[in-house]
2 protein chains.
Amino acid sequence: MPPGTPRSPATLHDVAREAGVSLATASRSLNGSTRRVNEEYRARVVAAAERLGYIANFSAQAIAKGMSPTVALVVSDIADPYFSSIASGVMRGADESGLLVTMAVTERSAARELGIVKSLRGQRPRVLILTGSRFLDSAGEEEALTRELAAYEESGGRVVVVAQQSLPFDTVQMRNYEGARDLARALADRGNRRFAAITGSRSLLTSADRLQGFRDGLAESGIELPDELVVAGEFTRDGGYAAAGELLERGLDGVDVVFAVSDVMAIGTLSRLRDAGVDVPGRIGVAGFDDIATAADVTPALTTVRLPLVEMGRLALEMALREREDGERQVRTVGGAVLLRASTR
Amino acid sequence: MPPGTPRSPATLHDVAREAGVSLATASRSLNGSTRRVNEEYRARVVAAAERLGYIANFSAQAIAKGMSPTVALVVSDIADPYFSSIASGVMRGADESGLLVTMAVTERSAARELGIVKSLRGQRPRVLILTGSRFLDSAGEEEALTRELAAYEESGGRVVVVAQQSLPFDTVQMRNYEGARDLARALADRGNRRFAAITGSRSLLTSADRLQGFRDGLAESGIELPDELVVAGEFTRDGGYAAAGELLERGLDGVDVVFAVSDVMAIGTLSRLRDAGVDVPGRIGVAGFDDIATAADVTPALTTVRLPLVEMGRLALEMALREREDGERQVRTVGGAVLLRASTR
DNA sequence: GCATATCCGGCAAGCGCTTTCCTTGCTACG
DNA sequence: CGTAGCAAGGAAAGCGCTTGCCGGATATGC
């Protein structure tokens with residue numbers, strides 16, 4: 001055999017031969033089974049496996065068992081701290097359960113999301129976790145996605161969606177509306193009177209809910225959020241930066257606080273205001289939503305609504321792994337805690 | 001069949017039957033092959049697949065081909081923006097090449113890293129990308145890891161390590177030493193004279209290189225970095241925060257700039273100083289390394305050394321996918337550009 | 001002491017694909 | 001018109017593993 005020829009890794013077959021037992025016994029010894037195997041054999045097999053550096057071929061196991069020990073995770077953008085925190089929770093949980101995580105990125109496109117789900121299904125993962133907001137206006141894709149996910153569950157998989165109440169599957173849901181409303185109340189209580197808002201695309205559910213909550217919270221104090229002071233941008237740092245610029249052009253005189261529907265956007269806003277030489281919170285305050293890790297580290301520290309992102313990821317996985325009681329859809333809701341920090345007064 | 005029975009997804013077999021062709025023809029039509037198949041048949045197969053919602057079973061393909069169309073990515077911590085940026089680049093590249101990404105987290109433990117690599121090998125991925133710094137003092141694990149990786153390459157896989165010059169595999173390397181040296185020069189040129197430093201664990205290669213580069217850069221201007229002003233902490237935001245506290249206790253009088261060996265640590269430092277009421281950069285400046293996304297968004301904006309993180313991830317994957325010319329080890333080096341921002345004077 | 005139950009190896013049949021090899025039906029050429 | 005050459009479909013042999021079933025050996029009951 002010429003050097004450089006891929007020497008394939010030891011197979012179970014090799015191990016069985018080396019240990020002088022049958023394939024079946026080797027399999028049962030190494031990879032778990034309901035059946036017990038005599039300790040003496042077991043030891044021999046384990047030793048042989050060790051000697052040969054045997055590592056079970058997941059694909060083969062997957063195919064023999066009809067399902068692979070992996071969880072598929074779909075996020076909008078892994079570089080976004082919101083998603084990377086959730087992913088972190090999922091991965092930690094997966095590790096504890098001996099599952100591999102395969103991840104894919106939608107780049108916030110409903111079409112890509114659908115394609116990704118289809119291709120992930122090719123893996124026959126045990127669990128599929130979907131995070132990232134639904135769009136109000138992508139009904140076509142959404143229906144196709146629902147069909148795809150339903151078919152996947154039908155074939156024995158489990159899907160959990162994080163933060164998208166609109167899909168008929170197990171859900172980890174966050175109180176977007178309530179959190180934003182509480183934030184508005186807290187801000188109003190502190191004497192802030194005029195507000196502006198920066199939202200994601202109007203069709204983004206999460207964004208819309210938060211905005212509505214904020215609006216309603218203000219309304220309780222008789223405060224109105226004027227439409228001309230609500231500007232939409234991409235649901236990213238740069239989107240926040242750009243939207244803040246737009247707001248600046250429209251004139252922010254007399255506005256006490258700008259509410260951005262996510263921390264990432266709020267941080268963009270903060271930067272835009274800083275670049276314009278606007279003092280925060282002296283001249284104007286900024287508030288966000290999510291409490292991503294850096295929210296506490298920007299200056300001034302960002303007022304926001306804390307979401308337990310890492311735990312949400314973990315929770316999603318737990319729900320997926322739990323035996324379903326009675327075919328009922330599970331919905332777990334996590335709340336947000338208002339965190340008043342230095343970026344508002 | 002009672003409802004709720006997992007109805008397994010359509011197999012290639014089903015498609016072949018539906019289309020009235022053989023398994024072989026169906027396979028060749030759908031999943032690519034060197035052999036051509038008559039257009040009429042092809043169309044029939046494709047139509048049948050569409051009708052049945054057929055999705056190829058990756059595991060089965062993997063097992064038949066001996067290798068699965070996935071790239072395994074190992075990072076220290078996905079919630080860390082440094083890693084999530086690299087991961088983002090890898091995932092984008094993978095998507096373009098039709099590969100799935102499976103990811104695992106070492107939590108900065110060499111032992112866990114080894115375990116993870118072993119378990120990932122079970123997937124028989126085409127590519128394995130390792131990011132995260134090596135440790136100087138984990139020789140045992142490192143040797144075992146090298147053996148494991150070598151065996152993996154032997155069996156046809158490709159490994160690329162990012163930022164760890166010490167492993168004998170294809171490498172995307174960054175100029176840690178030079179970047180830090182250039183930063184030191186730039187800072188000294190601007191008239192800064194007294195420095196302190198915050199590093200990761202002393203045994204962390206990346207950290208050590210950056211510190212040494214910084215030292216040597218200062219030395220060119222005849223400036224010394226006193227040992228008592230170098231404090232080590234965890235390679236995280238909290239580590240930076242804690243280390244800065246330690247530095248504060250030791251007394252920072254007269255120090256012009258604190259250099260933290262990573263932006264994440266620098267941001268912790270910034271927060272610690274802010275909490276202590278120390279004006280940055282008025283009383284003291286802070287500099288980091290990496291240029292993670294938020295570096296520009298903290299206030300004051302962080303002086304740092306820019307590394308093209310996303311591109312590094314993408315590059316790593318490209319290298320792995322490129323045919324190896326002649327068994328030679330490839331090393332690609334990316335440089336860092338000094339970015340003087342508001343956090344230093 | 002015999003029948004029955006229990007334990008545990010091993011055999012072999014898959015799991016869903018790819019790919020080699022065989023076969024058939026053409027085209028091309030002398 | 002005969003034969004070599006080629007294109008393309010199909011049969012079947014795996015790929016590495018799990019697991020239902022069989023059967024020999026040992027334990028248990030009357």
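Quick caveat, the model's predicted, so the values are computed rather than measured. Each chain gets a letter, A, B and so on, in the order its sequence line appears, and its residues count up from 1.
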*Asks:* Starting at atom CZ of A:Phe58, determine the distance to atom P of D:dT18, rounded to an integer number of angstrom.
*Replies:* 11 Å
*Asks:* Would you call B:Arg314 and B:Glu311 a salt bridge, taking side-chain N to carboxylate O under 4.0 Å as the test?
*Replies:* no
*Asks:* Just by protein heavy atoms under 4.0 Å, how would nucleotides 16-22 of chain C read 5' to 3' in B, S and -?
*Replies:* BBBBBB-
*Asks:* Could I get the full list of side-chain contact (heavy atoms from CB on, under 4.5 Å) partners for A:Thr146, not counting sequence neighbours?
*Replies:*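 Checked A:Thr146 against side-chain contact (heavy atoms from CB on, under 4.5 Å); matches are A:Glu142, A:Leu167, A:Pro168, A:Phe169.
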*Asks:* Between C:dC15 atom P and A:Gln123 atom CD, what is the distance in whole Å?
*Replies:*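 To the nearest whole Å, that distance equals 21 Å.
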*Asks:* Return the value, rounded to whole Å, for the distance between atom CG of B:Asp14 and atom C1' of C:dC15.
*Replies:* 13 Å
*Asks:* Indicate the atoms forming the closest heavy-atom contact of A:Arg124 with A:Met67, along with that distance.
*Replies:* O-CG, 3.7 Å
*Asks:* Distance-only check: which donor-acceptor pairs under 3.5 Å involve side-chain atoms of residues 45-59 of chain A, not counting sequence neighbours?
*Replies:*
unit_1: A:Arg51; atom_1: NH1; unit_2: A:Glu18; atom_2: OE2; d: 2.2
unit_1: A:Asn57; atom_1: OD1; unit_2: A:Ser59; atom_2: N; d: 2.9
unit_1: A:Asn57; atom_1: OD1; unit_2: A:Ala60; atom_2: N; d: 3.1

*Asks:* Working to the nearest 0.5 angstrom, can you tell me the gap between A:Lys118 NZ and A:Glu113 CD?
*Replies:* 12.5 Å
*Asks:* Rounded to whole angstroms, how far apart are CZ on B:Arg42 and P on D:dA7?
*Replies:* 18 Å
*Asks:* Thinking salt bridges, do B:Glu96 and B:Arg92 make one under a 4.0 Å N-O criterion?
*Replies:*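 No salt bridge links B:Glu96 with B:Arg92.
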*Asks:* Rounded to whole Å, how long is the line connecting atom CG of A:Leu30 with atom P of D:dT18?
*Replies:* 9 Å
